[in-house]
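A short worksheet on the structure shown next.
Heavy-atom basis, side chains included; hydrogens, waters and symmetry copies ignored.
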Amino acid sequence: MKTLFTKGMLASAISLALTQTAFAQEETKQATAENTEVIVVSGTPGGAGIRKIDASFAVTNIDASDIEKLAPKSTADLFKAIPGVWVESSGGESGANVFVRGFPGGGDAPFLTIALEGSPIYPASTLSFLENSQMFRIDDTIEMVEGLRGGPNPVVSNGQPGLTTNFRLKRGGEDTEASVKYTVSDYGLNRVDLVLSGALADDLYYMVGGYVKSSDGIRDAGFSSEEGNQFTVNLTKIFDKGELNLYTRQTDDHGTWYLPTPLNVDGIDANYTQIGPLNRQATINYGPDNATSESFDFGDGRGWDGHVSGGSLKLELGGGWHLVDRFNLTKGAANTFGLVPDGSAVTVADVADNGESATGAVTGNTYDGDTPIQQIGRWVVLKDVESFTNDLAVSKSWDNFDTSFGIYSATTKAEDWWSIGNQAYYALVPGGEMLDGIACNNSAEGCGWSYDINSVGDASTFALYATSTWYATEDLSIDLGLRRENHEVSYSVDEGLDGVINKALEYDENKTSWTLGANYALNDFSGVFVRMNRGYKMPYFDDFRDNWGAYTGGNDLIKEVTQGELGYKYMNDNIQFFATAFANEVKGDTFVRLPGAPAEILTNEAYGVEFDGKYTNDSGFSLSVNATLQETEITASATNEGNEAQRQPGWQVRMTPSYGFDVGDMYATVYGTFSAVDDRFGDNENTVVLEGYEKVDVGMTLEPTDALRVQLSIDNLTDEQGITEGDPRNPDSPNGRYIMPRSMKLSVSYLFF
């Protein structure tokens, strides 16, 4: 196993971070309340809130202005700004892969929860073909996002042991404000964003906003492959001793699902995509004897058509008692249509009936024997989901002691209809057509494997949790949290779409999670913290189907996560700096390469350090930096013990400088982001190396007036062709997924006061 960095280097990094204490003391006089009064709600009972400088855990804050500069291509793409997080957002606006601090995973986002106003939008982190970011779109209604890794996460809310990203919506104030923004791009994007906020009555405020958009996609599909709209309403009523907040977010947005492409075929690069007018409509056969035929539009890609709605109630009960209740209802369709490569590229001569040529099924063109072709699967996944969560917490404060008691409950539903596989040979050109003159292309059985299911799943979670904080001295606080959770699942599957239930289960398990932390204030603007926790990732529907042999053999499919953290923090008027050393162990991880394949059961360990810093000064200059260094190891496996975890870089760094200055009567800002990532292994066997890469993004804004703003952003300025993943179903195939090619966006916005 390659050595990414030594324990000595890790110790040196931590020591360097802790030596900043002297610097912090020298700069104390510079501090103001602007940074030290930042309030975070992630990791707190019921989302009650705590000063960031007082928290015994590390939280990353990304506000609306930061989001503008980062110009993320998708929701998951924004998470690259959070240290300890590795994001593969190369699949498009949906279908990202998100990994956390060396936690294992073969795809999707198994240890990510997206929350809106403190409530998880869907309690299951990942189902097959559905991770949380697919159900959430960023727009100008977002005020801030918080990113919490580890910390008290395993105890509060839905008990996520990994990463929780909590989005907070803008709220109205006494003054009426409105903004409109129009965005175009070099890939045919047309997008309009609107936001309006103000007061409806005394102490009753509103914010409404959303967008409508369409484009051909960053990888040109030859048609409007990305289309969508979203509308959000956020209402807040302030009482004498509390507030009521209600919101709804209605979304209908879909885009092309970008997939791995051949890496050894001339003419195939980061601009290539399988989908196009010649193949977006295709017919598949499914059911007993493949007797049923149906046509689908695979240009719909992956998306979300549904709503995320909820709210919160906060009350002061008197006598130091407070109540916070947060609730959320999510319901909609998260469908996937894709053209998925299968195996290596070959030539027409290798498989043609006549050994010499084949004919285009749409155009009738002749393809010579040396034409590169590949099996492409026509995958259809129809998924209806619904969930309701409620998190009620009551807290009491004394002179040197705080305590809270919470009840978290959730119901989760999913109804799936799949037909995946369905391979046929297609020409390897952008949007290449299917070919005639190849026997299996014209057969109902297709050219390879297929897997069809119809399934229904219901899950419920009920948890009691309690947290306490003892303020031992003016500078030292110690906190403890406990959670007792019951998790039930009812699930049944018809494999083969023949009306016969092949797998069915009733599942009922209980687990107790805990967290213990301490925070010591070195002065008003810096401190250190230490934390240990243990939490669990409970199984949902696809976990049972994918790992049926392991489950029926007695494995409860619960992943046990143990984490330790040691951190330093400093916040003043100019600097926010967090350095966190971490170590974690995940027991019971499972990995299945293809449907029906046996599960690999693993224990993974990781340790490392993450840095999260931001510097600003009065001259208009700012610099944000986040970096992660880590070692990962599979410590228990039948075949891969001692290897590194797949698709986990040993290091990554991201720097975003920005400088604002006057240009005549206008104010201008130039900014950029430089990111670099280490090599990774594409499989647990560590046989496929994914090379590291560097990426540069730049942008500029001009403000001719206080109300008018023009922004130009260029993503991947040097057109770097980095690879985020290989072929997850067949690591030996020379397929990989490129990061997005160079693209440009120009927006003009106007603010009405």
Practice task
Measure from the side-chain N and O atoms of Glu131 to the backbone N and O of Ser133, and report whether any donor-acceptor pair falls under 3.5 Å.
Solution key: yes
Practice task
Give a yes or no on whether the backbone of Asn422 and the side-chain of Arg378 come within a donor-acceptor separation of less than 3.5 Å.
Solution key: yes
Problem - Any donor-acceptor pair under 3.5 Å from Thr371 side chain to Val348 backbone - result: no
Exercise for the section: Scan side-chain atoms only and decide if Asp727 and Asn735 contain a donor-acceptor pair under the 3.5 Å cut-off. Expected result: yes
Handout entry: Smallest separation among heavy atoms of Arg219 and Tyr738, with atom names
Key = NH2-O, 2.9 Å
Handout entry: Positive for salt bridge (Lys or Arg N to Asp or Glu O under 4.0 Å) with Glu93, one of Arg302, Arg137, Lys73
Key = Arg137
Handout entry: Close side-chain approach of Leu435 and Asn441, heavy atoms under 4.5 Å
Key = yes
Problem - Arg249 (side chain) donor-acceptor with Val308 (main chain) under 3.5 angstrom - result: no
Practice task
Decide if atom CD of Glu294 counts as having more than 12 heavy atoms of other residues, nucleotides or ligands within a radius under 6.0 Å.
Solution key: yes
Problem - Validation row: Phe337, Trp257 side chains within 4.5 angstrom (heavy atoms) - result: no
Exercise for the section: For the pair Ser185 (side chain) and Tyr187 (backbone), establish whether a donor and an acceptor sit closer than 3.5 Å, ignoring hydrogens and angles. Expected result: yes
Problem - Audit row: Asp697, Tyr671, side chain to side chain donor-acceptor pair (under 3.5 Å) steps and yes/no - result: CA-CA 9 Å; Asp697 311 318; Tyr671 57 89; over 6 Å; no
Practice task
Would you tell me whether Ser443 and Glu445 have side-chain atoms, one donor and one acceptor, within less than 3.5 Å of each other?
Solution key: yes
Handout entry: Lys181, Arg191, Arg709 screened by salt bridge (Lys or Arg N to Asp or Glu O under 4.0 Å) with Asp140, the one that passes
Key = Lys181
Handout entry: Residue among Thr251, Thr165, Ile142 satisfying side-chain contact (heavy atoms from CB on, under 4.5 Å) with Phe136
Key = Ile142
Practice task
Of all the heavy-atom pairs spanning Asn279 and Gln274, show the shortest one and how long it is.
Solution key: ND2-O, 2.8 Å
Exercise for the section: Establish, from distance only, whether the side-chain atoms of Asn190 and Tyr182 form a donor-acceptor pair under 3.5 Å. Expected result: yes
Practice task
Please report the shortest heavy-atom distance between Pro72 and Leu78, naming the atom on each side.
Solution key: CB-N, 3.7 Å
Exercise for the section: Might you point out which heavy atoms bring Gln646 and Asp683 nearest each other, and give the distance in Å? Expected result: CB-C, 3.6 Å
Handout entry: Ile268 side chain reached by Leu263 side chain, heavy atoms, under 4.5 Å
Key = no
Problem - Point-to-point distance, once rounded to the nearest 0.5 Å, from CG of Leu169 to CG of Leu116 - result: 4.5 Å
Handout entry: Least distance between heavy atoms, Gln134 atom then Asn335 atom
Key = NE2-O, 3.8 Å
Handout entry: Side-chain H-bond candidate by donor/acceptor type, Gln230 with Gln250, under 3.5 Å
Key = no
Completion exercise
Between Pro120 and Thr113 the two heavy atoms that sit nearest each other are CB-CG2, 3.8 Å
Problem - Verdict with supporting geometry, Val677 and Tyr693, side-chain contact (heavy atoms from CB on, under 4.5 Å) - result: CA-CA 6 Å; Val677 60; Tyr693 58 87; 3.5 Å; yes
Handout entry: 4.5 Å side-chain heavy-atom contact, Lys69 and Ser658
Key = yes
Handout entry: Thr292 vs Asn285, side-chain contact (heavy atoms from CB on, under 4.5 Å): CA-CA, chis, key distance, verdict
Key = CA-CA 5 Å; Thr292 304; Asn285 297 285; over 6 Å; no
Handout entry: Donor-acceptor contact below 3.5 Å, side chain Ser215 vs main chain Gly217
Key = yes
Problem - Electrostatic pair Arg280-Asp300, nearest N-O below 4.0 angstrom - result: no
Exercise for the section: For residues Phe298 and Trp379, establish whether the separation of their ring centroids is below 6.0 Å. Expected result: no
Problem - Pairwise side-chain hydrogen bond (donor to acceptor under 3.5 Å, both in side chains) hits with a residue in residues 359-370, at least two apart - result: Thr363-Asn365, Thr363-Glu433, Tyr367-Glu433
Problem - Side-chain donor or acceptor of Asn442 paired with backbone N/O of Ala439 under 3.5 Å - result: no
Practice task
Assess whether side-chain contact (heavy atoms from CB on, under 4.5 Å) is satisfied between Leu690 and Arg647, documenting all intermediate values.
Solution key: CA-CA 8 Å; Leu690 305 173; Arg647 289 155 68 175; 4.3 Å; yes
Handout entry: Polar side-chain atom of Gln423 near backbone of Asp342 as donor-acceptor pair, under 3.5 Å
Key = no
Handout entry: Asp108 (side chain) donor-acceptor with Asn97 (main chain) under 3.5 angstrom
Key = no
Handout entry: Side chain Ser125, main chain Phe111, donor-acceptor under 3.5 Å
Key = no
Practice task
State whether a side-chain donor-acceptor pair under 3.5 Å links Tyr425 with Gln375.
Solution key: yes
Handout entry: 4.5 Å side-chain heavy-atom contact, Ile420 and Tyr286
Key = no
Problem - Whether over 12 other heavy atoms sit under 6.0 Å from Asp266 CG - result: no
Practice task
Output the distance between atom CG (Asp546) and atom CZ (Phe591), rounded to the nearest 0.5 Å.
Solution key: 10.5 Å
Handout entry: Derivation of the side chain to side chain donor-acceptor pair (under 3.5 Å) call for Asp77 and Ser74
Key = CA-CA 5 Å; Asp77 201 43; Ser74 64; 5.1 Å; no
Problem - OG1-OH distance between Thr141 and Tyr211, expressed to the nearest 0.5 angstrom - result: 9.5 Å
Handout entry: Close side-chain approach of Ser749 and Val180, heavy atoms under 4.5 Å
Key = no
Practice task
Could you tell me whether the side chain of Tyr258 reaches within less than 4.5 Å of the side chain of Thr273, counting heavy atoms only?
Solution key: yes
Handout entry: Straight-line distance of Asp216 CG to Asp186 CG, nearest 0.5 Å
Key = 11.0 Å
Exercise for the section: Apply side-chain contact (heavy atoms from CB on, under 4.5 Å) to Phe129 and Asp416, showing your working. Expected result: CA-CA 10 Å; Phe129 305 101; Asp416 282 26; over 6 Å; no
Problem - Contact check, side chains of Arg680 and Glu691, non-hydrogen atoms, under 4.5 Å - result: no
Practice task
May I have the step-by-step check of salt bridge (charged side-chain N to carboxylate O under 4.0 Å, His left out) for Arg737 and Glu725, ending in yes or no?
Solution key: CA-CA 6 Å; Arg737 185 143 53 181; Glu725 65 175 282; 2.4 Å; yes
